[in-house]
Amino acid sequence: MDKTESERLMRAILDIGELLFMNGGEANRVEDTVTRIFKAYGAEKADVFCIVSNLIVTVQFSDGTRLTQTRRMKGRGSDLGCVDELNALSRHVCSKPVPVEDLERQSI
């Protein structure tokens, strides 16, 4: 995976984490989900920290690529249907990762 694709993957997975949290997912669920998805895409290590206003991720891939990104999250609601869909997406991509462009489309 080249650096550009790794960066796109980072954005797509952070989008999923942000949506999960903003729609009522608990912080520990967000951390677990984001970590599992990164591992499914070949990350050797994923450090994920989610608090009320921030999602912070550092990930390292086997080729040595290391990325860190912080996502500021504003507002919070409760849409358990959205949470359920994101959990289903997570289970799907963890069992069979899809191309990054498909993940980007599905996480919107």
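- A side chain to side chain contact (heavy atoms under 4.5 Å, CB included) with Val48 holds for exactly one of Leu55, Ile13, Leu14, Ile37; it is Leu55.
- To the nearest 0.5 Å, the span separating CG on Asp79 from CE on Met22 amounts to 12.0 Å.
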Working for side chain to side chain contact (heavy atoms under 4.5 Å, CB included), residues Asp15 and Arg71: CA-CA 9 Å; Asp15 287 347; Arg71 178 75 57 96; 2.8 Å; yes
Side chain to side chain contact (heavy atoms under 4.5 Å, CB included) between Thr58 and Leu67, worked out: CA-CA 6 Å; Thr58 297; Leu67 301 170; over 6 Å; no
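- Closest approach of Ala27 to Cys50, counting heavy atoms only: CB-O, 3.5 Å.
- Criterion: ILVMFWY side-chain heavy atoms under 4.5 Å apart, direct or through other members. Under it, Val98 and Met10 are part of a common hydrophobic cluster.
- Here the side chains of Gln69 and Arg11 are in contact, with some heavy-atom distance below 4.5 Å.
- Counting heavy atoms from C-beta on, the side chains of Val83 and Leu20 come closer than 4.5 Å.
- Between Ala40 and Cys94, the shortest heavy-atom distance links the atoms CB-CA, 3.7 Å.
- The side-chain hydrogen bond (donor to acceptor under 3.5 Å, both in side chains) check on Arg66 picks up Gln60, with sequence neighbours excluded.
- Applying the side chain to side chain donor-acceptor pair (under 3.5 Å) definition to pairs two or more places apart or across chains, those involving residues 21-46 are Arg29-Asp32, Asp32-Arg36.
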Trace of the side chain to side chain contact (heavy atoms under 4.5 Å, CB included) decision for Asp102 with Val93: CA-CA 10 Å; Asp102 290 348; Val93 299; over 6 Å; no
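- There is no side-chain donor-acceptor pair under 3.5 Å between Thr4 and Asp2.
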Verdict with reasoning, Met73 to Asn54, per side chain to side chain contact (heavy atoms under 4.5 Å, CB included): CA-CA 6 Å; Met73 300 182 293; Asn54 286 300; 5.7 Å; no
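- With rounding to the nearest 0.5 angstrom, the CD atom of Glu101 is 7.0 Å from the CD atom of Glu5.
- Between atom CG of residue Leu89 and atom CZ of residue Arg91 there is a gap of 9.5 Å, rounded to the nearest 0.5 Å.
- Between Phe38 and Ala46, the shortest heavy-atom contact is CB-CB, 4.1 Å.
- Ile56 contributes atom CD1, which lies 11.0 Å from atom CZ of Arg72 (distance to the nearest 0.5 angstrom).
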